[in-house]
Amino acid sequence: MLHINRASWWGLALVFVLIFATLGLVWKDEGGETAQGRRGKVLTGLDVVLANPKMFTGKRVGLITNPTGITADYEHSLDAMLRKGIRVTEVYGPEHGVRGTEQAGETPGELIDPKTGLPLSNLYGKNPVDMVPMFADVDVLVFDIQDVGTRFYTYISTMAYVMEAAAIADKPLYVLDRPNPLGGVRVEGPVLEEKHSSFIGLFPIALRHGMTVGELATLFNEWFFPKSGKKKVELHVVKMKGWSRQETYGQTGLPWVMPSPNMPTVTTAQVYPGTGLIEATNLSEGRGTTRPFELIGAPYVEGWKLAEELNRERLPGVKFREAYFTPTFSKHQGKTVGGVQVHVEDPATFDPILTGLAIIEKVKKLYPSQFAWRESGEPYWMDKMTGTEKVRQQIDQGKSAREIVRSWAAELNNFKKLRGKYLLYPARGIPH
């Protein structure tokens, strides 16, 4: 019989405690976020400001933010800045509002914050000229919003409008930088053509641009504003500390707060550059479900057929499962919808835009008389989302998703060269 003395038992117990503690530290939740203490190695621009609040001494601050403007300990930027003695006197929100309560395209109301008594004003639906008088009673503007790395997500357009308005009003703008949740290395998709400029894509950048909001603000201010005859703003990008371009969001140690009602997880952000394009068709993009942009379908789709067609393509980093769902709002509300769920197996190789186009390609092939674009004629929403009419036309001509992706290689390379001049963070040996 094995005899172990008391000291040995204590030693074994300590070993097991350490093993389970280590397992607990490396456990990851959906989207790759670590469950360890949220004080990760990456400090956002907000963290940097809170460590040096004197930069705003004597200034009336107008804060542009939403629920994503938080510290690693989940304290909202408004509360944290006030706690640090920064005199925030006005608060402004983008699409979905300061509190993130509105669905896509809905205009948030004007509110009074019950905690601070400050007015919460809406910038969505306003152009730069409309914004100028809204900034009359502040000395500086501060932008602190988490973007998702996709051109047609409107927060970067709001930032561009704020920049233009701030320049007209002679107000400096501080952009508090945050990570691109898709990473900062891969650049994909068509580059917007200027004739298709709209609020869901103002400037000729790639659909998946691989830039932070601070880098985009610099690109807008230094390149696109002068090119279009706009006055440059006095821009200050408060850079992050500890972020490198190839990192996933989960590696940052930062918490994920959904930037809008239909962007619940980091996985949603990963698929969004491609499956967001489903908005431009008569397919449901999963709004009104708990898996927006991952569940795709329509009442006329046979899920098993679509899943088989897509899996046969062996698209990188992704698999498809037949799925059925009933949207509670948006397209096909209350109807049983057949389709697929997109399962990202390897984010490092997953190509969201190729995937989104492949879904549209296969549905159109299987159901040519039932598939339709959202509009019956120009202007097509697909053209606004992709920034060109060519993608829609190529799909209608029967081109494959892979052919379409190859077609924009030259314009994408030109954008990469331009983009490289305005990157603020290293890639640790990975070329820009």
NZ/NE/NH1/NH2 to OD/OE distance under 4.0 Å, [X] and [Y]:
| X | Y | answer |
| --- | --- | --- |
| Glu313 | Arg402 | yes |
| Glu375 | Arg392 | no |
| Glu222 | Lys232 | yes |

Check: Can Phe371 and Ile360 be said to form a side-chain contact (heavy atoms from CB on, under 4.5 Å), step by step?
Finding: CA-CA 9 Å; Phe371 171 84; Ile360 296 173; 3.7 Å; yes
Please name the pair of heavy atoms, one in [X] and one in [Y], separated by the smallest distance, quoted to 0.1 Å.
| X | Y | result |
| --- | --- | --- |
| His76 | Thr65 | CE1-CG2, 3.5 Å |
| Met55 | Val49 | SD-CG2, 4.0 Å |
| Leu412 | Gly189 | CD1-O, 3.3 Å |
| Pro273 | Ala269 | CD-O, 3.3 Å |
| Val337 | Pro327 | CG2-CD, 3.8 Å |
| Leu357 | Met382 | CD2-CE, 4.1 Å |

Could you check whether any side-chain N or O of [X] sits under 3.5 Å from a backbone N or O of [Y], counting only pairs where one atom can act as donor and the other as acceptor?
| X | Y | answer |
| --- | --- | --- |
| Asp47 | Thr44 | yes |
| Arg291 | Ile296 | no |
| Arg419 | Gly210 | yes |
| Ser157 | Phe199 | yes |
| Asn221 | Ala217 | no |
| Thr281 | Trp373 | no |
| Arg208 | Asp351 | no |
| Glu215 | Leu424 | yes |
| Thr328 | Gly288 | yes |
| Arg151 | Met385 | yes |

Do [X] and [Y] come within less than 4.5 Å of each other through their side chains, counting heavy atoms only?
| X | Y | result |
| --- | --- | --- |
| Glu95 | Ser260 | no |
| Phe320 | Leu306 | no |
| Thr150 | Met263 | no |
| Phe224 | Leu418 | yes |
| Glu75 | Arg83 | yes |
| Ile145 | Thr158 | no |
| Leu423 | Met211 | yes |
| Met159 | Ile64 | no |

Item checked: Thr386: which of Leu277, Val191, Leu192 passes side-chain contact (heavy atoms from CB on, under 4.5 Å) ->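 Testing each of Leu277, Val191, Leu192 against Thr386, the sole residue satisfying side-chain contact (heavy atoms from CB on, under 4.5 Å) is Leu277.
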Say you draw a straight line from [atom1] of [X] to [atom2] of [Y]; how long is it, rounded to the nearest 0.5 Å?
| X | Y | atom1 | atom2 | result |
| --- | --- | --- | --- | --- |
| Leu82 | Arg87 | CG | CZ | 11.5 Å |
| Leu354 | Arg406 | CG | CZ | 10.0 Å |
| Leu78 | Asp113 | CG | CG | 6.0 Å |
| Asp144 | Leu176 | CG | CG | 4.5 Å |
| Gln270 | Thr248 | CD | OG1 | 8.0 Å |
| Leu46 | Ile70 | CG | CD1 | 9.0 Å |

Fit a plane to each ring of [X] and [Y], take the angle between them on a 0 to 90° scale, and name the class: parallel (under 30°), tilted (30 to 60°) or perpendicular (over 60°).
| X | Y | result |
| --- | --- | --- |
| Trp256 | Tyr249 | perpendicular |
| His236 | Tyr174 | parallel |
| Tyr92 | Phe135 | perpendicular |
| Tyr153 | Tyr155 | perpendicular |

Next item on the list: Report the residue from Lys331, Arg374, Lys384, Arg287 that forms a salt bridge (Lys or Arg N to Asp or Glu O under 4.0 Å) with Glu279.
Entry: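 It is Arg287, the one option of Lys331, Arg374, Lys384, Arg287 that forms the salt bridge (Lys or Arg N to Asp or Glu O under 4.0 Å) with Glu279.
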Next item on the list: Carefully, step by step, assess Phe203 and Leu219 under the rule side-chain contact (heavy atoms from CB on, under 4.5 Å).
Entry: CA-CA 10 Å; Phe203 298 118; Leu219 171 63; over 6 Å; no
Determine whether more than 12 heavy atoms belonging to other residues, nucleotides or ligands lie under 6.0 Å from atom [atom1] of [X].
| X | atom1 | result |
| --- | --- | --- |
| Trp223 | CH2 | no |
| Gln397 | CD | yes |
| Lys390 | NZ | no |
| Lys231 | NZ | yes |

Next item on the list: Check the pair Asn262, Thr268 against side-chain contact (heavy atoms from CB on, under 4.5 Å), reporting the backbone distance first and the verdict last.
Entry: CA-CA 8 Å; Asn262 289 291; Thr268 323; over 6 Å; no
Item checked: Exercise: do Thr68 and Asn66 side chains pair donor with acceptor under 3.5 Å ->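 On atom types as modelled, these side chains qualify, holding a pair under 3.5 Å.
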Notebook entry, point to check: Just checking, any donor-acceptor pair under 3.5 angstrom between side chains of Glu345 and His343?
Noted result: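 No donor-acceptor contact under 3.5 Å links the two side chains.
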Next item on the list: Assess the pair Phe152 and Tyr272: is the distance between their ring centroids shorter than 6.0 Å?
Entry: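 That pair passes the under 6.0 Å test.
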Next item on the list: Identify whether NZ of Lys or CZ of Arg in Lys126 sits under 6.0 Å from the centre of the six-membered ring of Tyr161 and within 45° of that ring's axis.
Entry: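 No, cation not above the ring by the 6.0 Å, 45° rule.
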Next item on the list: Verify side-chain contact (heavy atoms from CB on, under 4.5 Å) between Leu141 and Glu90, making sure each step is shown before the conclusion.
Entry: CA-CA 9 Å; Leu141 291 159; Glu90 301 280 348; over 6 Å; no
